[in-house]
Amino acid sequence: MSARGEIVRLAGPTVIARGLAQAGLNEVVWVGEERLLSEVIRIEGDLATVQVYEETAGLALGEPVEAAGEPLAAELGPGLLGRIFDGVLRPLAALAEKQGDFVGRGVRLPSLDRAVRYDFHPEVREGDEIAPGTRIGVALDPDGVQHPVLAPPATGGRAVQVRAGPAAVDDPVIRLDGGATVALAHRWPVRRPRPFRRRLASDVPFLTGQRVLDCFFPVVAGGTAMIPGGFGTGKTVLEQSLAKYADADVVVYVGCGERGNEMAEVIDEFPRLEDPRTGRPLMERTVMVVNTSNMPVAAREASMYTGITIAEYFRDMGLAVALMIDSTSRWAEALREISARLEEMPGEEGYPTYLASRLARFYERAGRVETLGGAEGAVTVVGAVSPPGGDLSEPVTQCSLRATGALSALSADLAHRRHYPAIDWGVSFSLDAGRLAAWFEREAGQGFGGLREEAMRLLQREREILEVAELVGTESLQDAERLVLESARLLREGFLRQSAYDPADASCPPAKAFEMLRLFLEFHGRAASAVGQGVPLRSVLDAGVGPKLLRLTQVTPDEMPRAGEVLRAEMGEALARLEAE
Ligand SMILES: Nc1ncnc2c1ncn2[C@@H]1O[C@H](COP(=O)(O)OP(=O)(O)O)[C@@H](O)[C@H]1O
Ligand SMILES: [Mg+2]
């Protein structure tokens with residue numbers, strides 16, 4: 001049966017065990033008398049190296065080690081939404097009740113609560129052929145919320161018994177002719193991507209509600225983006241804004257290894273956030289996987305995989321899922337620590353040489369797909385990176401760059417000037433922008449692509465002029481150049497800047513963003529032509545259009561078309577008057 005062995009060496013969060021030769025790589029093993037959750041990470045002859053997901057202090061040589069017979073797996077089923085788990089999917093709230101505030105060792109709590117009775121409404125009948133991924137029914141929880149139930153990826157056959165009515169997550173509700181059963185929940189190994197029929201091309205955006213992202217650095221639904229930024233540049237606030245406002249049916253938030261107090265804030269705040277779309281608690285469509293830096297590194301390393309496995313589970317129901325990770329650097333550091341314990345040959349800055357391939361394989365699990373059941377689902381992944389000192393040349397940033405489709409680099413300089421989100425438009429890019437051009441023309445407004453380029457050129461001109469001004473002084477600038485500086489300033493402060501704490505502006509739909517951008521650039525165009533005709537810049541600026549542009553953030557999306565027309569007319573009149581003088 002399952003292999004049993006004993007501990008022969010202890011090395012921090014890893015132990016070496018003898019007698020586990022039957023166990024496979026990545027198999028779960030229970031370590032010690034307390035049966036600590038662990039995973040085999042190397043096998044050499046009769047010796048297995050095992051990483052322990054729990055605090056290892058107090059383990060002794062000779063204690064037993066037993067293989068569980070399966071790889072590290074997540075339990076997927078109704079009851080995930082709205083919950084907070086640790087990196088190996090143990091429910092944190094339940095653990096806290098059982099253990100006080102700290103997650104105790106050897107506590108084995110199932111991810112999903114066995115005590116909850118769901119009301120199962122089958123949608124298949126006895127005799128029906130059930131293929132992997134088929135929707136077999138819905139489970140109603142005690143609050144009446146419906147949870148779709150799908151046959152797991154590897155399970156299929158003819159239904160010989162179908163049971164409606166009350167069921168716990170692990171009760172079999174369907175028996176197949178081969179003898180296999182389907183329950184409301186199933187397990188899936190976290191390191192193995194869940195299968196789908198085929199990948200679908202994506203030409204629709206993952207809308208974020210952040211103007212600078214949606215307009216300048218948009219990501220496709222099912223795409224990947226990375227957000228590198230030094231300490232305090234706004235990674236966590238941005239990831240949370242995305243969790244709140246991005247266009248997703250389900251959000252999986254992986255809080256990975258950031259300091260305990262920061263994570264505590266997130267855990268404290270998140271459940272109180274309101275879903276702007278429904279007014280209901282945001283947690284109802286959120287699953288949180290959290291590991292603070294004081295939790296064992298191995299669990300931190302696992303948490304990204306746990307998170308994406310949950311995301312794929314909801315994708316397979318035909319949903320749009322957003323996976324937020326804050327931060328992938330802490331995951332990479334966990335990987336580095338484990339690699340060092342294994343005495344592997346270190347690569348750059350001590351990270352293992354397979355850092356790049358691990359990250360690439362991870363981000364490959366994002367995508368828009370046709371599911372096994374024939375639905376369309378997507379997982380979009382946004383990974384924060386915390387490069388030490390904000391230095392983008394470090395390995396985790398560089399490896400992520402190669403693995404993702406978009407970069408939104410946060411700048412300490414912008415954050416210092418309290419320009420939030422501190423996305424550096426000079427450095428950031430999106431490989432998806434071209435593919436999304438048609439969508440934005442159609443849905444946000446015709447001419448969108450042109451406006452985007454014009455805005456970028458204006459910001460670029462600002463940089464160039466400022467560089468010159470630094471050398472020769474601002475006195476030497478022409479009015480036309482000063483106007484560029486003024487228009488760019490307005491664009492930065494009234495368009496790119498967007499406070500996460502301003503209820504009127506925390507999220508901006510693309511049509512409003514389009515109209516705003518059009519007005520900013522129309523102002524610049526009209527003003528440039530007035531200045532070209534000899535109107536002094538001072539008079540142009542005194543016409544009072546600037547402050548009105550800056551107030552557009554406060555206009556509701558519904559009022560925007562009308563407000564735009566009014567401002568456009570005022571702007572035209574004021575500048576025409578100046579030109580006539
Ligand atoms: N979009 C934003 N709008 C308003 N303030 C922000 C925004 N992003 C960041 N901030 C400010 O910057 C601080 C640090 O942001 P945080 O996300 O915690 O940084 P990081 O996670 O990169 O260390 C926040 O507490 C907040 O005051
Ligand atoms: Mg943070």
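Just so it is clear, the structure is predicted and the values come from calculations on it, not from any experiment. In listed order, ligands and their atoms are each counted from 1. Counting begins at 1 with the first residue of the sequence.
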Quick one: list whatever passes ring pair (Phe, Tyr, Trp, His ring centres under 6.0 Å) with [X], sequence neighbours left out.
X: Tyr420; result: none
X: Trp188; result: none
X: Phe270; result: Tyr253

Got an N, O or S from Thr236 under 2.8 Å of the Mg ion (ligand 2)?
-> yes

Does any donor atom in the side chain of Gln210 or Tyr245 lie under 3.5 Å from an acceptor atom in the other side chain?
-> no

Flag for Thr309-Glu312: side-chain donor and acceptor within less than 3.5 Å | no

Residues Gly426 and Arg463: closest non-hydrogen pair is CA-NH1, 3.8 Å

May I have a table of the N/O to N/O pairs between ligand 1 and the protein that fall below 3.5 Å, each row giving the two atom names and the distance to 0.1 Å?
from	atom 1	to	atom 2	distance (Å)
ligand 1	3 (N)	Ala500	N	3.0
ligand 1	12 (O)	Tyr420	OH	3.1
ligand 1	17 (O)	Lys235	N	3.4
ligand 1	17 (O)	Thr236	N	3.0
ligand 1	17 (O)	Val237	N	2.8
ligand 1	19 (O)	Gly234	N	3.1
ligand 1	21 (O)	Thr236	N	3.0
ligand 1	21 (O)	Thr236	OG1	2.8
ligand 1	22 (O)	Thr233	N	3.3
ligand 1	22 (O)	Gly234	N	3.0
ligand 1	22 (O)	Lys235	N	2.9
ligand 1	22 (O)	Lys235	NZ	2.8
ligand 1	23 (O)	Gly232	N	2.7

